[in-house]
Amino acid sequence: MRKKRVKEKEREKFRKFFEKQKEWNGLLKEYGSDILTSDNFVKTKEYIQHGNMTVNSHCINVAIYSLAISRKLNISCNQRDLVRGALLHDYFLYDWHDKYHRDIKRLHGFYHPGIALRNASKEYKLTEREKDIIKKHMWPLTLVPPQCREAWIVTAADKYCSLLETMKFHKEHGRYMPKKKTGASLHGRNGMTVQYQG
């Protein structure tokens with residue numbers, strides 16, 4: 001009888017986990033499908049961010065963790081701006097590890113938010129919140145702190161994901177996004193991958 005109850009609790013835990021993953025992926029698709037399927041965002045699969053994690057996977061992780069933090073701490077925010085700002089926060093579009101960016105490598109933490117904001121502004125009509133998220137996500141390296149709660153949430157999620165990725169607790173999820181704009185894959189925590197058609 002006791003084993004049966006334990007198994008039921010485990011099943012319920014997994015069911016809730018998959019429901020959350022479905023919800024996060026649904027929100028990413030709803031608010032960020034144009035970003036996720038854009039040529040430049042797909043290209044970020046070619047650039048390493050931390051450890052063996054690509055910029056692409058890192059940005060998706062940050063978007064998912066930002067949603068999770070907002071929900072867990074019951075912080076009311078604009079979910080659209082939160083998702084879009086998180087997806088674009090590292091939109092610098094170069095591999096800062098390669099020898100051609102040796103000078104940038106030393107100061108990448110200071111410079112890349114401005115570069116990401118310039119790149120994102122060229123392709124998307126950004127809200128003030130989205131700009132604040134992108135520009136201030138490296139605080140305190142960016143001296144001016146975030147001005148909105150969405151930017152604070154993404155800043156926290158970015159630090160958390162960066163730590164997990166650097167310590168290799170998060171593994172790269174593979175090159176899971178197609179180059180076509182007809183569909184994309186999103187992943188959740190623990191490397192779960194979910195396909196959707198856009």
Side-chain angles (χ1 to χ4, degrees), residues 20-21 23-45 47 49-50 53-94 96 108-165 170 173 177 184-189 196 198:
K20 281 183 185 175
Q21 295 310 306
E23 180 184 0
W24 302 150
N25 286 305
L27 289 170
L28 290 181
K29 179 183 176 185
E30 180 180 350
Y31 299 131
S33 62
D34 61 323
I35 296 169
L36 290 164
T37 57
S38 74
D39 292 338
N40 276 334
F41 192 81
V42 170
K43 193 175 180 184
T44 63
K45 292 185 296 179
Y47 310 134
Q49 181 64 320
H50 310 106
M53 187 68 64
T54 64
V55 173
N56 184 288
S57 289
H58 168 73
C59 290
I60 292 171
N61 280 339
V62 171
I64 290 170
Y65 276 94
S66 294
L67 289 166
I69 289 169
S70 141
R71 178 70 50 87
K72 186 75 172 170
L73 299 179
N74 200 24
I75 300 170
S76 174
C77 66
N78 184 312
Q79 287 188 329
R80 182 183 188 279
D81 289 347
L82 184 74
V83 166
R84 294 180 72 79
L87 290 174
L88 294 169
H89 82 280
D90 279 343
Y91 204 60
F92 44 83
L93 304 176
Y94 59 83
W96 62 277
H108 175 74
F110 293 95
Y111 290 135
H112 81 269
I115 295 168
L117 180 58
R118 275 194 305 277
N119 290 338
S121 295
K122 288 176 190 173
E123 292 183 47
Y124 304 99
K125 186 171 174 24
L126 301 174
T127 67
E128 289 306 312
R129 281 190 187 103
E130 291 166 356
K131 291 176 187 175
D132 195 49
I133 290 167
I134 297 166
K135 191 174 181 182
K136 314 269 182 63
H137 78 273
M138 284 302 290
W139 186 82
L141 292 183
T142 55
L143 298 177
V144 180
Q147 301 299 304
C148 63
R149 64 186 71 170
E150 292 83 0
W152 280 108
I153 292 168
V154 172
T155 299
D158 182 47
K159 305 272 185 284
Y160 183 68
C161 288
S162 298
L163 176 66
L164 293 178
E165 292 160 10
H170 269 181
H173 302 287
M177 288 181 63
S185 297
L186 302 177
H187 69 279
R189 293 167 25 178
Y196 76 86

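Residue numbers count from 1 along this sequence.
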Derivation of the side chain to side chain donor-acceptor pair (under 3.5 Å) call for N78 and E150
CA-CA 7 Å; N78 184 312; E150 292 83 0; 5.7 Å; no
Looking at R84 and D34, does any basic side-chain N land under 4.0 Å from a carboxylate oxygen?
yes
side-chain contact (heavy atoms from CB on, under 4.5 Å) for L164 and Y65? Distances and angles first, verdict last.
CA-CA 12 Å; L164 293 178; Y65 276 94; 4.2 Å; yes
At their closest point, which heavy atom of [X] faces which heavy atom of [Y], and how far apart are they?
{"X": "P113", "Y": "I134", "result": "CB-O, 3.5 Å"}
{"X": "I153", "Y": "S66", "result": "CG2-O, 3.4 Å"}
{"X": "I35", "Y": "F41", "result": "O-CB, 3.0 Å"}
{"X": "A68", "Y": "W24", "result": "CA-CZ2, 3.7 Å"}
{"X": "C59", "Y": "D90", "result": "SG-CB, 3.8 Å"}

Could you tell me which residues satisfy salt bridge (Lys or Arg N to Asp or Glu O under 4.0 Å) with R71, sequence neighbours excluded, listed by chain and number?
E23
Excluding sequence neighbours, so at least two apart, what forms salt bridge (Lys or Arg N to Asp or Glu O under 4.0 Å) with K131?
E128
Would you give the length of the straight line joining atom [atom1] of [X] to atom [atom2] of [Y], rounded to the nearest 0.5 angstrom?
{"X": "L88", "Y": "N119", "atom1": "CG", "atom2": "CG", "value": "10.0 Å"}
{"X": "E130", "Y": "H89", "atom1": "CD", "atom2": "NE2", "value": "14.0 Å"}
{"X": "W152", "Y": "I133", "atom1": "CH2", "atom2": "CD1", "value": "13.0 Å"}
{"X": "I69", "Y": "T155", "atom1": "CD1", "atom2": "OG1", "value": "10.0 Å"}
{"X": "Y31", "Y": "L67", "atom1": "OH", "atom2": "CG", "value": "9.0 Å"}
{"X": "E123", "Y": "D39", "atom1": "CD", "atom2": "CG", "value": "8.5 Å"}

Can a donor-acceptor pair be found, under 3.5 Å and without considering hydrogens, that links the side chain of [X] to the backbone of [Y]?
{"X": "S33", "Y": "E30", "result": "no"}
{"X": "N25", "Y": "Q21", "result": "yes"}
{"X": "Q79", "Y": "C77", "result": "no"}

Side-chain contact test, heavy atoms from C-beta onward, threshold under 4.5 Å: evaluate it for L27 versus L82 and give yes or no.
no
Is any side-chain heavy atom of S162 closer than 4.5 Å to one of H58?
yes
Applying salt bridge (charged side-chain N to carboxylate O under 4.0 Å, His left out) as the test, list every pair that has at least one member in residues 60-70; sequence neighbours left out.
none
Please evaluate residues S76 and R149 with respect to the criterion side-chain contact (heavy atoms from CB on, under 4.5 Å), reporting the C-alpha separation (whole Å), side-chain torsions for both, the decisive distance (0.1 Å), and the verdict.
CA-CA 8 Å; S76 174; R149 64 186 71 170; 4.0 Å; yes
I'd like to check the side chain to side chain donor-acceptor pair (under 3.5 Å) partners of T127; sequence neighbours left out, ordered by chain and number.
D81
Under the side chain to side chain donor-acceptor pair (under 3.5 Å) criterion, do T44 and Y91 qualify, and how do the steps go?
CA-CA 8 Å; T44 63; Y91 204 60; over 6 Å; no
Holding to side chain to side chain contact (heavy atoms under 4.5 Å, CB included), I want the full list of residues that pass it with A63, two or more places apart in sequence or in another chain.
L28, A86, L87
